[in-house]
Amino acid sequence: SESLTVAELAKKLGREPSEIIKKLFMLGVMATINQELDKDAIELICAEYEVEVEEEILVDKTDLEVYFEPEDETLQEERPPVVTIMGHVDHGKTTLLDSIRNTKVTAGEAGGITQHIGAYQVVENGKKITFLDTPGHAAFTTMRARGAKVTDLAIIVVAADDGVMPQTVEAINHAKAAEVPIIIAVNKMDKPSANPDRVMQELTEHGLVPEAWGGETIFVPISALKGEGIDALLEMILLVSEVGELKANPARRAIGTVIEAELDKGRGSVATLLVQDGTLHVGDPIVVGNTFGRVRAMVNDLGRRVKDAGPSTPVEITGLNDVPQAGDRFVVFEDEKTARQVGETRATSALQVQRSEKTRVTLDNLFDQL
Ligand code: GDP
Ligand code: MG
């Protein structure tokens, strides 16, 4: 019952799948990249690399990346940035998210009923920007703990009448740890007590020196409440994104991350996915975390049914067998049979891992080792 595919084994051993296939061939076993290997074959290969097989090597199925081969960079095109908003409580994160959405989304999309799916897209100067609408800290902590990198840029909101607070510092640390560029939105500039100089001074102490003072950090004064400075902020996001040269290939099978998911009474498992590379289509066979299915219907952030979702697009899907978790990765497969096979194996493995805390610890050790 316990097995690994060639791709998974290669990943574990830190080798190319083609190398494993060659070794297997030398040992008289013909195999393809997605082929499940039995315990004997795994042991043979591990012996070749002088790696001792532990039972646990067979149950770690957490990494879906193995089914997404890297490819020629020349096939990639520019993609929209994915932005997370963080900051201290009451400094204006929700107000800013609403303000951006209200001024930008409804303008060009008359008739669209905005729908909360955990992320949305706006257009500034003809270019799209994706905002994660989930609490910024969660996006960094939960998702990063699960190995997902979803954010290209962090907006840290600091209220000009309150200054740098503990969660401001926390946000800075999250962004720095993720090596994500930071833009500071100095909010509540409409208040008579606003003191932007103090905000700049305090942030300088955390290594964020404003451009005006010879540093590299972009500060944008805004009033999220009054909708002032929003365009300047969006323009800065696009400017910083251009430097990052964010790219993806819309022509390939999709890969990405679960933003949020829940069980809906009528529709069953509903998940918001952020497509990070490739294009997701209705009908695609898909593995999401430890569940799988076929994309039955897709709805965008305006509540409209769509058939395709390209890079950096958030989309809500139905059609999964079970409810995945925020931060889970997803990958589209060419055929339903493989998706089912991989999905079922992962579901079984996840159960096995769940059953034994001891196994989980051993897995972590193993992961460190390889
Ligand atoms: P969050 O906890 O960071 O999401 O903060 P909220 O967006 O909920 O805002 C907290 C409070 O600050 C609310 O009462 C907002 O109306 C207010 N607020 C947010 N932005 C501004 C602003 O630009 N100016 C003023 N005067 N108040 C604001
Ligand atoms: Mg809020």
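Counting convention: from 1, in listed order, for ligands and their atoms alike.
The nearest heavy-atom contact from the protein to atom 20 (N) of ligand 1 is N187 ND2, 3.1 Å. Of all protein heavy atoms, the one closest to atom 18 (N) of ligand 1 is K188 CE, 3.7 Å. The protein atom (non-hydrogen) at minimum distance from atom 26 (N) of ligand 1 is D190 OD2, 2.9 Å. In this structure, atom 2 (O) of ligand 1 lies nearest to the protein heavy atom D90 N, 2.7 Å.
Using a 4.0 Å cut-off between heavy atoms, T95 contacts ligand 1 through both its backbone and its side chain. Proximity of L225 to ligand 1, defined as any heavy-atom pair under 4.0 Å, is shared by backbone and side chain alike.
Geometrically, ligand 1 and K226 share no nitrogen or oxygen pair separated by less than 3.5 Å. Any N or O atom pair closer than 3.5 Å counts here, and M189 shares no such pair with ligand 1. Residue G92 places at least one N or O, backbone or side chain, under 3.5 Å from an N or O of ligand 1.
At a cut-off of 3.5 Å, with distance as the only test, no side-chain donor of T95 or D98 sits close to an acceptor on the other residue. With no hydrogens or angles considered, a side-chain donor-acceptor pair links Q121 and T130 at under 3.5 Å. For the residue pair Q276 / T257, a side-chain donor-acceptor distance below 3.5 Å is found, with atom types taken as modelled.
Salt-bridge formation is detected for the pair E202/R198: a Lys NZ or Arg NE/NH1/NH2 atom is positioned less than 4.0 Å from an Asp or Glu carboxylate oxygen. Comment: E334 engages R253 in a salt bridge, judged by a side-chain N to carboxylate O separation of less than 4.0 angstrom. Between R79 and D152, at least one side-chain nitrogen of the basic residue sits less than 4.0 Å from a carboxylate oxygen of the acidic one, meeting the salt-bridge criterion. The pair E78-K247 does not count as a salt bridge, with every side-chain nitrogen at least 4.0 angstrom from each carboxylate oxygen. Here K127 pairs with E242 in a salt bridge; the nearest charged N to carboxylate O distance falls below 4.0 Å.
Under a 4.0 Å criterion applied to the non-hydrogen atoms of K191, ligand 1 contributes the atoms 26 (N). When each atom of ligand 1 is checked for a heavy atom of H88 under 4.0 Å away, the hits are 3 (O).
In this structure, atom 6 (P) of ligand 1 has protein heavy atoms in its sub-4.0 angstrom surroundings. Within a 4.0 Å radius of atom 13 (C) of ligand 1, the protein has no heavy atom.
Counting backbone and side-chain atoms alike, T95 contributes no N/O/S atom closer than 2.8 Å to the Mg ion (ligand 2).
Counting heavy atoms of neighbouring residues, nucleotides and ligands inside a 6.0 Å radius, atom CD of E216 does not exceed 12 of them.
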